[in-house]
Amino acid sequence: MKENWFEVIHEDKKSKARVGVLHTLHGDVFTPVFMPVGTQGTVKYLSNEELKAIGSQIILSNTYHLWLRPGENVIENAGGLQKFTNYNAPMLTDSGGFQVFSLASTRKINEEGVTFKNHLNGDLLFLSPEKSIQIQNKLGADIIMSFDECPAYPSEYDYLKNSVERTVRWAKRGKEVHQREDQALFGIVQGADKEELRKYSAEELVKIGFDGYSIGGTSVGEDKETMKKMVDYSVKYLPKNKPIYQMGIGSYDAIFEGVLRGVDMFDCVLPTRIARHGALMTSQGRINIRDKQYEYDLSPLDPECNCETCRNYTRSYLRHLYRVDEGLGKRLLSLHNLRFLLKLTEDMRKAILEDRFIEFKEEFFNKYNLNKINPKGF
RNA sequence: GGGGAGGUAGCGAAGAGGCUAAACGCGGUAGACUGUAAAUCUAUUCCUUUGGGUUCGGCAGUUCGAAUCUGCCCCUCCCCA
């Protein structure tokens, strides 16, 4: 990737928040950005047209899952992920590293790579840093990830140290086989809440040299203060002229904390998953549309939202769709939750450009008062 | 008219003398979910002033003790006339 593929447009005068732009072959992405997750080459229940209509700039897909089905050759044959899915806009693939964590019960890690029991039929599969990059080269996303291990939290220090060092070696091996100049390759900083490990991880990755840097290993069960430390300990040792991506973050408060600390990119299944389960992020706090109190409620899901769902449907009807388990319900609810986060990042970019990010954060928290309604802050 | 099966919580359905306010499923009411093995998982669901109260079609019995055993009655379904 060209050295200036990422440009910082404006830095907030009172925090580390910044507005930037990623130049990719499939278009520009303005940061801070929230990236919806479409693991299997689709954001569950939503079409590309709907995603674009709510302001989605870039979406994620997953190497492990696409490798299993339909297979990277099928996607390469179609001309790459963007053509295969007809999402003619920027895309990012995760390396399969997270599956090392989430499929922990069926995997074995060694220096060479990871042996998984395929979650579909139990077949033994082997994924290595080289293999992951080679698959991602074929998938052809605009941004691809190094193959890492995301250790459980908490883990023993010795285990963490070995894991972090191995993840650095894996990153180097991945970079060595990376073929495509049109794909940005990110390294992933690990090290849990240990500053010396985060420092080591970040500095070693920077020595190798990547087009951007991810912060991995957050939101794996640690408390909020610990997550802030993890971000601080990572950003501190990363270059300012490269994008920083905090992986797996989708609660509004964690996004604020990340942006405040200099993070540019976020992705998360949270908005779509909780939507499918009836939970919605609204300007009035988090609600569960299944609840009886909405049975006769003819108001929109979120009166301050302009998404298709909020413009056209009542809570009463959305509750009905949820309860009868209709796909339209899952679609409309997913659409809204994504719009909520996309709008949030749009507003963040505006606030940063006006040097009022900290004020915006306070206004947002106060206005919506979500902490009072939902202590966990989703 | 003859023969057979059965009536258990909102529904379906286990249980065949004490470990049973009664398994399990559905339905109901809530909660969770953060680089998606997730249309998933968890709690709760007779009443209650949390001490207890009232239950397994009804009534009457047997028994220290009955949803479970006995008698009579009521009701459903199936087969044959």
Side-chain angles (χ1 to χ4, degrees), chain A residues 34-45 58-66 68-69 92-107 116-123 125 132 136 141 143-151 153 186 188-190 214-224 227 230 245-255 257-258 263 265-281 286-295 319 321-331 333-334 337 341 374-378:
Chain A
F34 178 78
M35 307 182 283
V37 180
T39 303
Q40 314 245 36
T42 164
V43 177
K44 293 183 193 300
Y45 289 93
I58 171 170
I59 62 173
L60 246 75
S61 207
N62 183 279
T63 300
Y64 170 77
H65 291 280
L66 295 179
L68 296 185
R69 293 184 302 194
L92 181 155
T93 44
D94 187 26
S95 61
F98 187 71
Q99 279 63 45
V100 182
F101 169 73
S102 67
L103 300 176
S105 59
T106 72
R107 55 90 166 126
F116 291 97
K117 254 188 187 169
N118 171 336
H119 71 277
L120 300 172
N121 59 16
D123 281 357
L125 296 168
S132 173
Q136 294 187 78
I143 301 173
I144 69 177
M145 291 293 128
S146 294
F147 187 67
D148 68 326
E149 181 193 355
C150 175
Y153 181 88
F186 279 44
I188 303 176
V189 178
Q190 291 288 353
S214 294
I215 300 170
T218 69
S219 192
V220 288
E222 77 283 10
D223 60 41
K224 289 184 182 189
M227 189 196 288
M230 290 172 164
Y245 162 26
Q246 188 181 358
M247 307 181 80
I249 294 303
S251 63
Y252 82 93
D253 59 332
I255 294 175
E257 297 300 340
V263 177
M265 304 160 68
F266 304 87
D267 79 285
C268 201
V269 305
L270 188 73
T272 45
R273 180 183 290 167
I274 70 175
R276 293 196 304 280
H277 299 161
L280 288 313
M281 306 180 207
R286 181 171 152 157
I287 70 170
N288 195 320
I289 199 64
R290 173 195 53 197
D291 290 356
K292 195 170 180 62
Q293 61 178 300
Y294 307 116
E295 188 173 15
R319 175 175 191 266
L321 289 178
Y322 177 80
R323 286 161 54 88
V324 295
D325 198 22
E326 281 289 343
L328 178 62
K330 296 182 199 308
R331 184 192 130 210
L333 297 175
S334 296
N337 269 356
L341 289 182
N374 175 24
K376 285 196 77 172
F378 287 177

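Keep in mind that the numbers below use all heavy atoms, side chains included, and drop hydrogens, waters and symmetry copies. Here is the naming used below: chain letters follow the sequence lines, and residue numbers restart at 1 for every chain.
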Worksheet item: Under 4.0 Å between a side-chain N/O of A:Ser219 and OP1 or OP2 of B:U34, yes or no?
Response: no
Discussion item. Please pick, from B:A37, B:U34, B:A39, the nucleotide with the shortest atom-to-atom distance to any side-chain atom of A:Asp325.
Written reply: B:A39
Worksheet item: Think A:Gln99 has a side-chain N or O under 4.0 angstrom from the OP1 or OP2 of B:G35?
Response: no
Item to complete: Would you indicate what A:Phe266 reaches in the nucleic acid, counting non-hydrogen atoms under 4.0 angstrom: base, sugar-phosphate, or nothing?
Response: nothing
Discussion item. Return the pairing partner of B:U40 with a 3.5 Å limit on both distances, Watson-Crick or G-U wobble; otherwise return none.
Written reply: B:A32
Worksheet item: Should the pair A:Lys330-A:Asp325 be classified as a salt bridge under the 4.0 Å nitrogen-to-oxygen rule?
Response: yes
Worksheet entry | Whole-Å C1' distance, B:C19 and B:U34 | 45 Å
Response to the item:
Among the nucleotides B:A39, B:U34, B:A30, whichever has the atom closest to the side chain of A:His277 is B:A39
Discussion item. Could you identify the nucleotide paired to B:G1, looking across every strand shown and requiring Watson-Crick or G-U wobble geometry with both distances under 3.5 Å?
Written reply: B:C80
Discussion item. Quick check for you: among B:G35, B:A39, B:G28, whose closest atom lies nearest to any side-chain atom of A:Asp94?
Written reply: B:G35
Practice prompt. Show the numbers, then the answer: is there a side chain to side chain donor-acceptor pair (under 3.5 Å) between A:Tyr64 and A:Asp94?
Written response: CA-CA 8 Å; A:Tyr64 170 77; A:Asp94 187 26; over 6 Å; no
Worksheet item: Between B:A37, B:U36, B:C33, which nucleotide gets closest to the side-chain atoms of A:Ala279?
Response: B:C33
Worksheet, complete the sentence: If pairing means Watson-Crick or G-U wobble with both distances under 3.5 Å, then the partner of B:U70 is B:A60
Discussion item. Any N or O donor-acceptor pair under 3.5 Å from the base of B:A39 to the side chain of A:Arg276?
Written reply: no
Practice prompt. Identify, with sequence neighbours excluded, every residue that meets ring-ring contact (aromatic ring centres under 6.0 Å, His included) alongside A:His277.
Written response: none
Worksheet item: Roughly how far apart are A:Arg319 CZ and A:Ile287 CD1, rounded to 0.5 Å?
Response: 11.5 Å
Practice prompt. Please measure how far the C1' atom in B:C47 lies from the corresponding atom in B:C80, and state the result in whole Å.
Written response: 47 Å
Discussion item. Side chain of A:Leu270, heavy atoms from C-beta onward: which of B:U29, B:U34, B:G31 has the nearest atom to it?
Written reply: B:U34
Discussion item. Side chain of A:Leu103 only, heavy atoms from C-beta on: which candidate in B:A38, B:C33, B:A37 is closest?
Written reply: B:A37
Item to complete: Quote, to the nearest angstrom, the P distance that separates B:U68 from B:G61.
Response: 15 Å
Discussion item. Within the 4.0 Å heavy-atom criterion, would you say A:Asp267 contacts the bases, only the backbone, or no part of the nucleic acid?
Written reply: sugar-phosphate
Worksheet item: In the structure shown, which nucleotide is the Watson-Crick or G-U wobble counterpart of B:G6, with both distances under 3.5 Å?
Response: B:C75
Item to complete: Please indicate yes or no: is the ring centre of A:His65 less than 5.5 Å from the centre of the six-membered base ring of B:U36, with the two planes inclined by under 30 degrees?
Response: no
Item to complete: Looking at every strand, decide which applies to A:Glu295 at a 4.0 Å heavy-atom threshold: base, sugar-phosphate, or nothing.
Response: nothing
Discussion item. Between the side chains of A:Asp123 and A:Lys117, is the shortest nitrogen-to-carboxylate-oxygen separation below 4.0 Å, so that they form an ion pair?
Written reply: no
Fill in: Closest listed nucleotide, where the reference is the side chain of A:Arg323 and the choices are B:U40, B:A30, B:U29
B:U29
Item to complete: Return the nearest nucleotide to the side chain of A:Ser95; candidates are B:G35, B:G31, B:U40.
Response: B:G35
